[in-house]
K.L.:
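Just passing along the structure, written as structure tokens.
What you see is a predicted model, and the numbers here were worked out from it, not measured in a lab. Counting begins at 1 with the first residue of the sequence. Both ligands and their constituent atoms are indexed starting at 1 by order of listing.
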Amino acid sequence: MKRKPLVAGNWKMYQTIAEARQLVPELVRGLQEIMGVQKVICPPFTALLAVKALLEGTDIGLGAQDLFWELEGAYTGEISPKMVAELCQYVIIGHSERRTYFGETDESVNRKVKAALEAGLIPIVCVGETLEENEKGLTEIVLQRQVKVGLQGIDLKLDEQERVPLLIAYEPVWAIGTGKAASGEFANNVVREVIRPELASLFGDQVAQATRVLYGGSVKAKNAGEFFGQTEIDGALVGGASLKADEFVGIVAAAAEG
Ligand code: 13P
């Protein structure tokens with residue numbers, strides 16, 4: 001099964017509109033030459049409209065970093081799926097920073113994933129174990145729970161082009177922003193032995209094999225090839241390095257080489 005690689009930049013809480021207006025043209029210049037990879041950038045909400053305009057006519061997709069599950073209502077400060085869908089094709093859901101600092105649970109992730117799919121958005125659902133869980137040998141149990149509860153009650157199917165309208169990002173929490181990436185082999189084994197089997201038990205083998213699974217955590221231009229050379233890893237969710245045009249372009253180029 002051939003899965004088209006996807007590389008997404010998660011800008012986190014960086015980039016004002018003014019800063020984004022500098023960065024995006026540099027990204028576009030570097031990325032437009034690279035074929036065979038889906039490219040996505042996920043700016044903060046405030047910069048989405050400006051970035052959308054700058055991406056007009058390019059093949060670079062746009063994503064948000066979160067959403068709320070209700071379509072509208074008295075929810076001060078929240079952004080609904082239909083508001084995100086006016087601007088974006090993708091949305092990151094359940095990032096470990098949201099789980100750690102903002103009380104996100106597998107249940108809230110599940111409600112958000114359902115709402116995103118209903119709005120026609122492609123969720124990038126983040127899973128990953130903490131250092132403590134990893135050291136206690138709990139990686140498998142934690143990931144199984146995050147995938148199972150995060151995706152429960154969803155009828156995930158292949159579309160006419162045999163694609164799955166959802167991605168998983170495996171981001172071991174101990175590798176995020178630490179400069180200590182997981183090894184390509186470790187991440188590949190986790191995807192092969194834990195994440196895809198869990199997807200298969202929920203949605204069947206075909207969907208499990210067609211679902212793209214990204215790796216995230218300290219991906220840079222110089223180590224990206226180690227991940228993209230793995231059979232089970234279909235791209236990357238990039239934090240810090242997505243804010244530097246040459247780094248992000250280098251990562252996407254590495255994905256094109258596979
Ligand atoms: P870094 O690439 O900065 O480690 O962040 C990874 C991440 O959290 C992407 O969502």
K.L.:
Run the contact test for K220 against ligand 1 with a 4.0 Å cut-off on heavy atoms, strictly below, and give the result.
P.N.:
no

K.L.:
Run the numbers for me: atoms of ligand 1, each under 4.0 Å from some heavy atom of E171, listed by number.
P.N.:
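The atoms of ligand 1 under 4.0 Å from a heavy atom of E171 are 6 (C), 7 (C), 8 (O), 9 (C), 10 (O).
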
K.L.:
Just which atoms of ligand 1 are under 4.0 Å from any heavy atom in N10?
P.N.:
9 (C), 10 (O)

K.L.:
Does A241 come within less than 4.0 Å of ligand 1, judged by its heavy atoms?
P.N.:
no

K.L.:
Donor-acceptor check, side chain of K112 to backbone of L67, threshold 3.5 angstrom: yes or no?
P.N.:
yes

K.L.:
Look at the side chain of R196 and the backbone N and O of T211, then say whether any donor-acceptor pair between them is shorter than 3.5 Å.
P.N.:
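Yes, R196 side chain to T211 backbone: donor-acceptor pair under 3.5 Å.
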
K.L.:
Identify, by atom number and element, the atoms of ligand 1 in contact range of G217, meaning under 4.0 Å from any of its heavy atoms.
P.N.:
4 (O), 6 (C)

K.L.:
With heavy atoms of H95 as the reference, note each atom of ligand 1 found under 4.0 Å away.
P.N.:
7 (C), 8 (O), 9 (C), 10 (O)

K.L.:
What's the verdict on side-chain contact (heavy atoms from CB on, under 4.5 Å) for W69 and S80, showing C-alpha distance, side-chain angles and the deciding distance?
P.N.:
CA-CA 6 Å; W69 55 75; S80 90; over 6 Å; no

K.L.:
So, does D234 use its side chain to make a donor-acceptor pair with the main chain of L214 at under 3.5 Å?
P.N.:
no

K.L.:
Please say yes or no: joined through hydrophobic side-chain contacts below 4.5 Å, possibly via intermediate residues, are I92 and Y170 part of one cluster?
P.N.:
no

K.L.:
Out of all atoms in ligand 1, which are within 4.0 Å of some heavy atom of G240? Include the element for each.
P.N.:
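Those atoms are 1 (P), 2 (O), 3 (O).
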
K.L.:
Identify the protein heavy atom lying closest to atom 2 (O) of ligand 1, giving its residue, its atom name and the separation to 0.1 Å.
P.N.:
G239 N, 2.9 Å

K.L.:
Where do E232 and Y215 land on the side chain to side chain donor-acceptor pair (under 3.5 Å) test, with the steps shown first?
P.N.:
CA-CA 10 Å; E232 300 297 328; Y215 168 78; over 6 Å; no

K.L.:
Looking at E132, E140, E133, which hits salt bridge (charged side-chain N to carboxylate O under 4.0 Å, His left out) with K136?
P.N.:
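Of all the options given, the one that passes is E132.
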
K.L.:
With only distance considered, is G177 within less than 3.5 Å of ligand 1 through an N or O on each side?
P.N.:
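Checking ligand 1 against G177, an N or O pair does fall under 3.5 Å apart.
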
K.L.:
With rounding to the nearest 0.5 angstrom, report the CD1 to NZ distance, I41 to K52.
P.N.:
12.5 Å

K.L.:
Under 4.0 Å from any heavy atom of K12, which atoms of ligand 1 are there?
P.N.:
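Every atom of ligand 1 under 4.0 Å from some heavy atom of K12: 5 (O), 6 (C), 7 (C), 8 (O).
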
K.L.:
So for G216, does at least one of its heavy atoms come nearer than 4.0 angstrom to any atom of ligand 1?
P.N.:
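No, that is not the case, since the closest heavy atom of the residue is not under 4.0 Å from the ligand.
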
